[in-house]
Amino acid sequence: MGTEDTTAESGREQLLAEVAALPSLPGVYRFFDAADGVLYVGKARNLKKRVSSYFHKDHSDARIGVMVGRIRRLQTTVVRNEAEALLLENNLIKALAPKFNILFRDDKSYPYLRLVTHAFPRMAYYRGSVDRRHKYFGPYPGAWAVKETIQLLQKVFRLRTCEDTVFAHRSRPCLLYQIHRCSGPCVGLIERADYARDVADAERFLLGEADAVVQNLQSRMMALSNALEFERAAAVRDQIHALSRVLHQQAMDESSLSARDRDVDILAVKVQGGRACVNLAMVRGGRHLGDRAYFPSQGADSGLADDSADDDEGDGAPRSGEQRVLEAFIAQHYLSSPPPPSLVTSHAVDPRLLEALGEQCKVRLHAQHQPREQRRIWLEMAVKGCEIALARLLAEEGSQRERTRALVDALDLPVDDLDTFRIECFDVSHTAGEATQASCVVFQNHAMRTSDYRRFNVEGVTPGDDYAAMRQVLMRRYIKLAELANSAEGPTVQVRLPDLVLVDGGRGQVAVAREVFEELGLDLSLIVGVEKGESRKVGLEELVFADGRPKLQLPHDSAALMLVAQIRDEAHRFAITGMRARRAKVRTGGSRLEDIAGVGPKKRARLLQRFGGVRGVTAASVEDLASVDGISRELAEEIYRVLH
């Protein structure tokens, strides 16, 4: 038996000994491979029983077997209950992104409709953490849903949307008043009590009490009519008509909704073609606000969504792929976005998950996967939306994969796995030599990988010398990777060189790239220049090679050329936006003012307002600076010193 085999066997025995010593308590476990990368994070009611099952079972799922074969060490954390295990597990999944876990990327926070506290409250779109100063309604599945609701409330209740600063300085009503979308409180065209009544009706409508609002409006109309205030009665009548049209368009029988149907999330899941989709539809206040599709970024086909993937604790049949994906989404999503009390799901959900999640979120959760009546209609809509979204994704990915294949074939590249094929593209941007900046954008797995983008500030070169700038950037990008690739440790260290390096430019830029790669000992065949064609027209680009191959001009409708143009244009966009931001800082000195200790946002705003901008602050004397509210003599001297 060889030394490596002996070492591996010894490591396995030590691992099994650690498993045998685990406590029979709830907790979270992590599996690591030989390179100390995290393979999987899981939770368990009984750590010893759960973790032991991986090493003492014959796994029917090949991927589970592959994972178990790569485990070299484990870590465990004991917790008090399943709720704590759920929280820790999903926090670790998001932080570590283990390869064999289903992972849904964090999306931006959900938007809300906010009623800003004021004598005449205004409606506003809002995204962020909520507070007690204002009233919030939602969350909504997207910005479009909030804006649609605001437009609806403008038509029916005519609440204002203008900023308070605008409201305070109006001398005549705005266009929204003219088109009957605002009642004109800024210029006193509605009494405060009447406006407050409209606000209260809008709140009740958003909470699902539309019938009560209609009854209240009808009572007001009759009272105004009896008081012979016919114009005001007609205005209320118009409100009733507008609200009736809205309710008619809701396409649901409001009278059939119980109190628990006012706030519901509907979740549908589908797994197909190695990809998965969870479609989340929201009902708030009895109104269907729309849906949003979520796609796990990894692990959808791993069979390891969570600890219910294998029935090691004897609580029922093994979970289907759809159930695993759905439960992974519920666990990850609702730990950051508080759930409504009712969930309607396309597949059954483990009651233990709901119990632990409810305990963590302080909400009594109820899930139903075989609904009737209105809930069934909602679920059917969500399932259809899920199928459409997944079909669109698969079609798009198929098209994107074909573009990648077309480029690989056109350049005759030796690529074994299209899904790992990586392109890095470079561009240099400046304004007449000022604020030179270069970009590196990355294409991998048939899409742009924005998290891998890099910008480089180019220093120490002659302004306007694009060749010297490109040389500096390529050297900075690849010198460390080349050292690792050419070192004795190369085989044991993870080195990720791109399969293709695109440079925006012709023979000159390619010659510079060639010199850098020769100096670093890298493969010249990786370098391809994108040279603009005759008259610099799009579609006439030519590809220039560093290894001596003749130029290649692809057909203007070639999928390969379209991909190259997309990547080149993205590199140009990323470079020029960075250059403009850097140039603005250089010209205004804005970053210098922000970096001064003791000058926070409020003091900076006072300085800029007082002196009309950074240039005015720079021109001010110490005495002038010290005259600004909140700026002491010592701080004024420091500001003057830094800016001069």
Side-chain angles (χ1 to χ4, degrees), residues 403-428 438-446 448-449 452 454 456 465-487 490-491 495-534 536 539-556 558-572 575:
R403 288 198 310 166
T404 306
R405 182 181 297 280
L407 180 59
V408 168
D409 292 343
L411 301 183
D412 194 23
L413 299 174
V415 176
D416 296 326
D417 186 359
L418 283 178
D419 294 337
T420 62
F421 178 65
R422 181 182 178 96
I423 301 174
E424 294 185 0
C425 182
F426 295 84
D427 188 26
V428 175
S439 67
C440 171
V441 301
V442 178
F443 176 88
Q444 189 174 5
N445 197 21
H446 319 296
M448 304 305 300
R449 294 176 60 94
D452 289 348
R454 296 292 182 270
F456 302 86
D465 189 346
D466 288 354
Y467 295 153
M470 182 63 74
R471 175 181 176 80
Q472 181 183 123
V473 169
L474 291 174
M475 185 66 73
R476 288 165 60 184
R477 176 64 173 171
Y478 294 120
I479 187 169
K480 291 184 179 179
L481 291 177
E483 290 173 355
L484 289 172
N486 297 327
S487 69
V495 179
R496 187 63 175 102
L497 285 167
D499 299 289
L500 184 66
V501 176
L502 295 178
V503 293
D504 185 21
R507 293 186 183 278
Q509 296 283 24
V510 170
V512 170
R514 178 190 177 98
E515 292 175 4
V516 172
F517 273 46
E518 285 179 337
E519 187 175 337
L520 298 178
L522 299 176
D523 186 359
L524 297 180
S525 65
L526 300 178
I527 304 169
V528 176
V530 185
E531 186 177 57
K532 295 179 176 64
E534 184 181 353
R536 305 173 71 87
L540 298 180
E541 292 90 347
E542 293 181 323
L543 303 184
V544 182
F545 301 94
D547 58 2
R549 283 176 286 171
K551 284 185 178 181
L552 176 64
Q553 183 171 6
L554 298 169
H556 72 279
S558 163
L561 182 60
M562 292 178 186
L563 178 57
V564 169
Q566 174 196 344
I567 298 171
R568 187 271 317 274
D569 292 345
E570 177 67 357
H572 182 65

Within a strict 4.5 Å, meaning less than it, do heavy atoms of the [X] and [Y] side chains meet?
{"X": "Val503", "Y": "Val510", "result": "yes"}
{"X": "Asp466", "Y": "Gln509", "result": "yes"}
{"X": "Leu561", "Y": "Gln553", "result": "no"}
{"X": "Leu552", "Y": "Leu411", "result": "yes"}

[atom2] on [Y] to [atom1] on [X], rounded to 0.5 Å:
{"X": "Leu554", "Y": "Glu541", "atom1": "CG", "atom2": "CD", "value": "9.5 Å"}
{"X": "Cys440", "Y": "Arg476", "atom1": "SG", "atom2": "CZ", "value": "11.5 Å"}
{"X": "Leu522", "Y": "Leu481", "atom1": "CG", "atom2": "CG", "value": "8.5 Å"}
{"X": "Ile527", "Y": "Leu524", "atom1": "CD1", "atom2": "CG", "value": "5.5 Å"}
{"X": "Leu500", "Y": "Phe421", "atom1": "CG", "atom2": "CZ", "value": "5.0 Å"}
{"X": "Asp523", "Y": "Leu497", "atom1": "CG", "atom2": "CG", "value": "9.5 Å"}

Looking at Tyr478 versus Phe517, is the centre-to-centre ring distance below 6.0 Å? yes
Indicate the ring-plane relationship of Phe456 and Phe426, choosing parallel, tilted or perpendicular according to the 30° and 60° boundaries. tilted
Under the criterion side-chain contact (heavy atoms from CB on, under 4.5 Å), I'd like the reasoning laid out for Val544 against Val528: C-alpha separation, chi angles, the key distance, then a yes or no. CA-CA 6 Å; Val544 182; Val528 176; over 6 Å; no
Hey, is Arg471 close enough to Glu519 for a salt bridge, meaning N to O under 4.0 Å? yes
One thing to verify: whether Arg422 and Glu424 come together as a salt bridge, which I'm taking to mean a side-chain N less than 4.0 angstrom from a carboxylate O. yes
Exceeds 12 heavy-atom contacts within 6.0 angstrom, atom CZ of Arg549: yes
Is the count of non-hydrogen atoms from other residues, nucleotides or ligands lying under 6.0 Å from Phe545 atom CZ greater than 12? yes
Report the C-alpha distance between Glu531 and Arg568 in whole Å, list the side-chain angles of each, state the deciding distance to 0.1 Å, and finish with yes or no for salt bridge (Lys or Arg N to Asp or Glu O under 4.0 Å). CA-CA 10 Å; Glu531 186 177 57; Arg568 187 271 317 274; over 6 Å; no
Out of the candidates Leu526, Val441, Val564, Leu407, only one should pair with Ile423 under the side chain to side chain contact (heavy atoms under 4.5 Å, CB included) rule; please name it. Leu407
Only counting residues at least two apart or in another chain, list the ones meeting side-chain contact (heavy atoms from CB on, under 4.5 Å) with Asn445. Asp419
Pairing residues for Ser558 by the side-chain hydrogen bond (donor to acceptor under 3.5 Å, both in side chains) criterion, not counting sequence neighbours: none
Grab the two heavy atoms, one from Ser439 and one from Ala575, that are nearest each other, plus how far apart they are. OG-CB, 3.4 Å
